[in-house]
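Structure, as structure tokens:
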Amino acid sequence: MQKSTDSISHLPGSSRRTFLKSTSVSVAGAALLPLLFQVPLTAAHHAGTKPMGIALVGLGNYAMKQLAPALQQTKNCKLAGLVSGTPEKKEKYGKQYSISDENIYSYETFDQIADNKDIDIVYVVLPNSMHKEYVIRASKAGKHVISEKPLGINAAECEDMIRVCKENGVSLNVGYRLHFDPNHQEIIRMAKEKPFGDVTYVHSEFSFPIGDPTQWRLRKALAGGGAVYDIGVYCIQAARYATGEEPIAITAQEYKTDFDKFAEVDETVTFQLEFPSGVISNSTTSYNARANRLFVSYRNRGTALIEPAYSYGGIKGSVNGKLMGYEPVNQQAKHMDAVSKSILEGTDSTVSGQEGLLDMKVVDALYKSLASGGARTEIG
Ligand code: NAD
């Protein structure tokens, strides 16, 4: 199979020392959990300083080439379980990561994870349309959850997931790893602290040629849609955190060159978001091009550029042409450590289910705009 988004670039060596300095778990915070969630202590409510156990569901590219290796570098969590429908994968990865048989599940036996005290967090890394089912099953098993992006295939699904996780007193998070990259964190800081004044314009694009025509990313039933669902969500996320505002309306245009390959899903989509302050963002996402950048313009002679912006490593940010110069980080390790820390301390997650929901509201409006021939569509 051709490389997908998910292998856009090679993961760099992480700067473990820098990383360890930036995180620490409060033991006292763990004791607050039952109060915050208003539910009795369960396996999900991990007390003490022991790293939280994460079970990966779906042992494909992202899970086994990025997340499992990253979990060897985390401090607040560790790989504790595997869920797969393929016996060979269970055997191979179970051995490789020394996971005992009791912590390895099939999709059929998955719900028994409720009785497993080693597993605190379930990380769903399945095709997009399967996220909802496994998030809900995990939360009913009393486990905290991380779901890969997009959180669901529409806003209604995300709302259901958020509601069920709340009912079960567990935390719901999305796999938005770029919140933990220092270049993107600088863009977020600039939106808040305005060193160059207000944001006046954002340009964000993420595209790559998709390759293998038989893969699930090109099947609507599994993917939800095409480039928009897979990589366009990064552009939406970035436009939201680069402005620090929630978009109110969208216009979108779709282009197709290969009607067989993209019979079920979108190939290339451009879209413009309108924000309450009047700032706009312009984005392109395509399965038939190469682009990977975030550009932000500020009122007082300031510009920021991150290129590449959305890869796993090699992220390069500059402000007014001067390199930001951050050390590379392991985004996935930082992401999972931060989620675990927020659960242990009972604090808000930076990448909560709500973030996934807000992006899917934009995606819903985007497809409405496309269906109406590109009309301005309010985001609701
Ligand atoms: P993949 O195809 O490599 O892995 C998917 C896994 O799901 C495989 O192990 C496959 O066996 C399993 N699976 C179970 N039922 C399936 C079915 N009916 N059809 C197809 N596969 C099935 O995909 P991936 O690249 O690992 O993507 C998985 C999820 O992770 C997607 O939601 C994707 O958007 C997300 N992802 C996120 C990032 C990121 O940077 N945050 C990167 C890559 C992928």
Side-chain angles (χ1 to χ4, degrees), residues 2-6 8 127-129 131 148-158 176 201-240 242-243 246-275 279-295 307-310 356-380:
Q2 270 266 348
K3 286 187 172 187
S4 68
T5 358
D6 308 328
I8 24 188
N128 308 341
S129 67
H131 294 175
E148 254 321 313
K149 40 59 53 176
L151 177 58
I153 59 166
N154 52 46
E157 277 204 358
C158 299
Y176 286 145
Y201 175 68
V202 177
H203 185 86
S204 172
E205 48 184 339
F206 194 12
S207 301
F208 74 99
I210 183 84
D212 180 6
T214 64
Q215 63 187 288
W216 66 260
R217 280 183 166 77
L218 299 172
R219 302 280 80 86
K220 190 173 167 58
L222 285 166
V228 168
Y229 275 78
D230 194 17
I231 45 181
V233 288
Y234 287 96
C235 302
I236 295 168
Q237 260 283 299
R240 289 182 46 236
T243 56
E246 291 308 327
I248 50 176
I250 186 167
T251 49
Q253 308 79 37
E254 181 177 10
Y255 303 91
K256 223 169 246 197
T257 61
D258 187 335
F259 289 85
D260 293 329
K261 189 166 181 178
F262 300 101
E264 296 183 25
V265 301
D266 45 274
E267 176 183 341
T268 298
V269 172
T270 56
F271 58 93
Q272 301 74 43
L273 294 173
E274 263 175 63
F275 293 86
V279 62
I280 58 157
S281 73
N282 190 19
S283 291
T284 301
T285 185
S286 174
Y287 271 156
N288 184 27
R290 281 185 204 282
N292 187 341
R293 79 170 66 87
L294 170 62
F295 171 82
E307 185 172 17
Y310 305 112
L357 167 64
L358 291 172
D359 288 342
M360 289 317 291
K361 284 188 174 177
V362 177
V363 170
D364 286 354
L366 181 154
Y367 283 98
K368 267 193 208 152
S369 174
L370 289 182
S372 64
R376 178 183 183 278
T377 305
E378 291 194 1
I379 297 165

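In what follows, every heavy atom counts, from backbone to side chain, and hydrogens, waters and symmetry copies are set aside.
Residue Y229 forms a ring pair (Phe, Tyr, Trp, His ring centres under 6.0 Å) with just one option from Y367, Y234, W216, and that option is Y367. For the side chain to side chain contact (heavy atoms under 4.5 Å, CB included) test with V363, the passing option among I379, I236, N154, I250 is I236; the others fail. Checked options T270, T268, V269, I210; the residue passing with S286 is T268 (criterion: side chain to side chain contact (heavy atoms under 4.5 Å, CB included)).
Under the 30°/60° scheme for interplanar angles, the aromatic rings of F208 and Y287 are found to stand perpendicular.
Distance check, rounded to the nearest 0.5 Å: CG of N288 to CG of D266 gives 12.5 Å. Note that CD of Q237 is 9.0 Å distant from CG of L358, once rounded to the nearest 0.5 Å. Atom CG of L151 and atom CG of D359 lie 9.5 Å apart (nearest 0.5 Å). How far CG of D258 is from CG of L218: 9.5 Å, rounded to the nearest 0.5 Å. Taking CZ of R376 as the reference point, atom CD1 of I248 lies at 6.0 Å (rounded to 0.5 Å). Separation of atoms NE2 (H203) and CG (N282) is listed at 6.0 Å; rounding is to 0.5 Å.
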(message) Could you walk me through whether K149 and H131 satisfy the side-chain contact (heavy atoms from CB on, under 4.5 Å) test, starting with their C-alpha distance in whole Å, then the side-chain angles of each, then the deciding distance to 0.1 Å, before giving a yes or no?
(response) CA-CA 9 Å; K149 40 59 53 176; H131 294 175; over 6 Å; no
(request) List the steps and the verdict of side-chain contact (heavy atoms from CB on, under 4.5 Å) for F271 and L273. (result) CA-CA 7 Å; F271 58 93; L273 294 173; 4.2 Å; yes
(request) Decide yes or no on side-chain contact (heavy atoms from CB on, under 4.5 Å) for Y310 and L294, but give the supporting numbers first. (result) CA-CA 9 Å; Y310 305 112; L294 170 62; 3.6 Å; yes
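Here K361 does not pair with E246 in a salt bridge; the nearest charged N to carboxylate O distance is not below 4.0 Å. Using a cutoff of 4.0 Å between basic side-chain nitrogens and carboxylate oxygens, E264 and K220 are not scored as salt-bridged.
A donor-acceptor pair is defined here as one N or O able to donate and one able to accept, closer than 3.5 Å; no such pair exists between the side chain of S204 and the backbone of S283. A donor-acceptor pair under 3.5 Å is formed between the side chain of S369 and the backbone N or O of A375. Using a distance-only test at 3.5 Å, with no hydrogens or angles considered, a donor-acceptor pair links the side chain of T285 to the main chain of G232. Side chain of D364 to main chain of A155: a donor-acceptor pair is present (N/O by atom type, distance under 3.5 Å, no hydrogens or angles).
Nearest heavy-atom pair across R219 and P213 is NH1-O, 3.5 Å. Heavy atoms only, all atoms of each residue included: R240 and P247 are closest at CG-CD, 3.8 Å. When all heavy atoms of P150 and M360 are compared, the closest pair comes out as CB-SD, 3.8 Å. A pairwise comparison of heavy atoms in V202 and A242 identifies CG2-CB, 4.2 Å as the closest pair. For the pair K368 and T377, the tightest heavy-atom approach, listed with the atom from each and the gap, is CB-CG2, 3.9 Å.
Enclosure of atom NZ in K261 by more than 12 non-hydrogen atoms of other residues, nucleotides or ligands within 6.0 angstrom is indicated.
With contacts defined as side-chain heavy-atom distances shorter than 4.5 Å, the pair S281/T243 does not qualify.
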